[in-house]
Structures are given as structure tokens and as C-alpha cells.
Trainee: 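Have a look at the structure that comes next, please.
Note: hydrogens, waters and symmetry copies are ignored here, and every other heavy atom, side chains too, is used.
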Amino acid sequence: MTAGFIVSGTDTEIGKTVFSAMLTLALGATYWKPVQAGLEEGTDRETVQRLTGLPVAHFPEEGYRLNTPASPHLSAELDGVGIDVDALQPPAVEGPLVIEGAGGLLVPLTRRFLTIDIFKRWDLPVILCARTALGTINHSLLSVEALRAREIEIHGIAFIGDENADSERTIIEFSGVRRLGRLPRLEVLNSDTLATAFAENFDLKDFVTP
């Protein structure tokens, strides 16, 4: 099995694509988006490639590219596409792999299969990205419980947004999950600012797996 991480979020639109770009750059990893739902404004793969400046070889194509920006199960139905979860397998790559999921853990891939179910099959540690805004305690702790109920390894929690020390502390204390750091809001997004953000807010040793 390829070494690496699955990056998931406690919600949608919280910044996990930017976090994935930062982590991909820091590790010199390969980035993979299993299912891209919504193509009109560009794909997450294109965004991460642009932000990191890494060669195209670091960005294998998505398993599915769906037109409508919606939950993958609905987007696939609107496109007349059937997502074959048995065929959806991480690419074999040299070095670490960063897999970015679609939305949160319980987002449906089909009418019978949730995103978290395929994470269980892939057997890679999950990095949970949590916003720091109001509601994060509930969303984060529920996400942790969902992962633990399926015995999925949680590598740690990465917070995204403005500092909210009490919420972060509360989540870590109740969950017992490792705090990896916090990605602050960045006025400019490029490889230099992402590298600086990682160096200032995270520890590379926390992302080195055996």
C-alpha cells in the first residue's frame, strides 16, 4: 500500500484544498483527488498544481470528473455516470501520496456508499481539517466519532482559519487526537506563502510515517 494521508474535512469549503496543496508541497508528494464534482470553475487538482508549482507528474487524473458542483452521488446521476467504488483505487506512486476527499466524511459517493466507507477500504491515516469558526467543536467531535466507529486511523487534526484557542483546545481535549497545527488565512496564495505557512505553523516530523 502506498504511504501517505487522506485529507478530509469537517465540512465543505473550509480550506482543505489549500491545506492539501501546502502538505503536498512540504512532502514533495503526489496529489490525487478521487472524485471531482464541479468543473466549470476549475478542478482541485488544477488548483493544487498551480499553488505548488510541482511538475505535472505529481498530479494523476481524478478517478471521476463530474460536471455539477454537488454531492458526488447526485452529480454522477445528473451526468449519467455510475461511480464504481470497487474500481476506485489510489494510484501506485513513489513517495508519499496526499488524497483529498470530497466535502466531509459522510458525503455519499453513491446511493449506498459513503466517502468514509472508501477511506476504510484504503487503510490510510486520515488528517481531519477543521475550521476554527463557530460550530467547529460539534462538527469536529462528530467527525472523530465517525472515524473511530469504523476503526480508521486518525493521524491528527489540522485547524484552518483565524485563531480560536479555546475551540481548538476543547476539541483536542475531548477527542484525544493530536493537534497538527493551524493554517491561518493567507492574503496571497502561492508556493512561497504556503511553504512559509507550513514552516511557521506545522512540524514536518509530524507527517513522517514509518
Side-chain angles (χ1 to χ4, degrees), residues 4-24 26 31-38 43-45 47-48 51 69-75 97-110 113-186 189 194 197-198 201-203 206-207:
F5 302 102
I6 294 168
V7 176
S8 190
T10 55
D11 201 348
T12 190
E13 299 297 328
I14 66 171
K16 62 183 171 54
T17 298
V18 174
F19 175 84
S20 296
M22 181 187 68
L23 185 60
T24 298
Y31 168 91
W32 186 56
K33 180 86 172 185
V35 179
Q36 173 70 48
T43 67
D44 291 337
R45 175 169 63 96
T47 297
V48 174
L51 291 178
S71 178
H73 77 288
L74 177 59
S75 186
L97 176 65
V98 173
I99 301 175
E100 183 188 352
L105 294 165
L106 300 188
V107 168
L109 291 175
T110 71
F113 207 87
L114 297 170
T115 295
I116 196 171
D117 297 324
I118 206 162
F119 290 171
K120 173 65 175 177
R121 287 188 178 186
W122 291 342
D123 194 29
L124 287 171
V126 171
I127 295 173
L128 186 64
C129 290
R131 68 169 84 242
T132 56
L134 185 65
T136 187
I137 295 174
N138 180 67
H139 292 168
S140 299
L141 295 180
L142 283 173
S143 296
V144 168
E145 287 204 9
L147 289 165
R148 285 182 169 152
R150 291 163 177 80
E151 299 182 332
I152 296 174
E153 179 184 351
I154 309 171
H155 186 75
I157 296 176
F159 294 97
I160 300 177
D162 297 331
E163 183 179 12
N164 188 332
D166 186 73
S167 288
E168 294 179 39
R169 175 185 172 186
T170 301
I171 290 166
I172 297 305
E173 289 180 348
F174 271 101
S175 69
V177 175
R178 168 170 48 179
R179 181 189 185 278
L180 296 171
R182 178 178 60 84
L183 175 60
R185 297 177 187 272
L186 301 177
L189 288 172
L194 289 177
F198 186 88
N201 299 282
F202 296 87
D203 188 337
D206 288 338
F207 300 90

Trainee: Given the rule in the side chain to side chain contact (heavy atoms under 4.5 Å, CB included) test, do T10 and L128 qualify, once you have shown the distances and angles that lead to the verdict?
Mentor: CA-CA 7 Å; T10 55; L128 186 64; 3.9 Å; yes
Trainee: Please work out which of the three classes, parallel, tilted or perpendicular, describes the rings of H155 and F207, given edges at 30° and 60°.
Mentor: tilted
Trainee: Checking T136 against T132: is there a side-chain donor and acceptor pair closer than 3.5 Å?
Mentor: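 Absent: no donor and acceptor within the cut-off.
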Trainee: Any side-chain heavy atom of T115 within less than 4.5 Å of one from L109?
Mentor: yes
Trainee: How long is the span from the CG atom in L23 to the CZ atom in F198, to the nearest 0.5 Å?
Mentor: 6.5 Å
Trainee: Provide the closest heavy-atom pair for P34 versus E100 in the form atom of the first, atom of the second, distance.
Mentor: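 For P34 versus E100, the nearest heavy atoms are CD-O, 3.2 Å.
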Trainee: Say whether, by atom type as modelled, one donor and one acceptor occur between the side chain of S71 and the main chain of L74 under 3.5 angstrom.
Mentor: no
Trainee: Dump the intermediate steps for side chain to side chain contact (heavy atoms under 4.5 Å, CB included) on N201 and F159, then the final yes or no.
Mentor: CA-CA 10 Å; N201 299 282; F159 294 97; over 6 Å; no
Trainee: Can you check whether T17 reaches V48 side chain to side chain, under 4.5 Å on heavy atoms?
Mentor: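 A side-chain contact under 4.5 Å exists here.
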Trainee: Measuring from E173:CD to D166:CG, what's the distance to the nearest 0.5 Å?
Mentor: 8.5 Å
Trainee: Quick one: side chains of residues 142-152, donor-acceptor pairs under 3.5 Å with protein atoms, not counting sequence neighbours, listed by atom name and distance.
Mentor:
from : atom 1 : to   : atom 2 : distance (Å)
S143 : OG     : H139 : O      : 2.8
R148 : NH1    : S175 : O      : 2.7
R148 : NH2    : S175 : O      : 2.7
R150 : NH1    : A146 : O      : 3.2

Trainee: How close do A37 and A70 get, heavy atom to heavy atom, and via which atoms?
Mentor: CB-O, 3.3 Å
Trainee: If the plane angle is over 60° it's perpendicular, under 30° parallel, otherwise tilted; pick one for F119 and W122.
Mentor: tilted
Trainee: Do N164 and R182 pass the side chain to side chain contact (heavy atoms under 4.5 Å, CB included) test, and can you show the C-alpha distance, the side-chain angles, and the key distance before you say yes or no?
Mentor: CA-CA 10 Å; N164 188 332; R182 178 178 60 84; over 6 Å; no
Trainee: Looking at every heavy atom in both A130 and I157, which two are closest together, and how far apart are they?
Mentor: CB-CG2, 4.1 Å
Trainee: Working to the nearest 0.5 Å, report the span between OG of S140 and CZ of F174.
Mentor: 13.0 Å
Trainee: To the nearest 0.5 Å, how far apart are CD1 in I171 and CZ in R179?
Mentor: 10.5 Å
Trainee: side-chain contact (heavy atoms from CB on, under 4.5 Å) with S20: which of F5, Y31, W32?
Mentor: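 With S20 as partner, side-chain contact (heavy atoms from CB on, under 4.5 Å) holds for just one option, Y31.
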Trainee: Between atom CD1 of I116 and atom CZ of R121, what is the distance when rounded to the nearest 0.5 Å?
Mentor: 13.5 Å
Trainee: When rounded to the nearest 0.5 angstrom, what distance separates CG in L186 from CE in M22?
Mentor: 8.5 Å
Trainee: What do you reckon, is CZ of R169 surrounded by more than 12 foreign heavy atoms closer than 6.0 Å?
Mentor: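 Counting neighbours around CZ of R169, 12 or fewer heavy atoms of other residues, nucleotides or ligands fall under 6.0 Å, so no.
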Trainee: Can you name the side chain to side chain contact (heavy atoms under 4.5 Å, CB included) partners of T43, sequence neighbours left out?
Mentor: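 T43 satisfies side chain to side chain contact (heavy atoms under 4.5 Å, CB included) with Q36, L39, R45, E46, E62, R65 only.
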Trainee: Identify the heavy atoms of A21 and L194 that sit nearest to each other, and give their distance.
Mentor: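 For A21 and L194, the tightest heavy-atom pair comes out as CB-CD1, 4.0 Å.
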Trainee: Using modelled atom types and a 3.5 Å cut-off, is there a donor and acceptor pairing between side-chain atoms of K33 and backbone atoms of I99?
Mentor: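 No.
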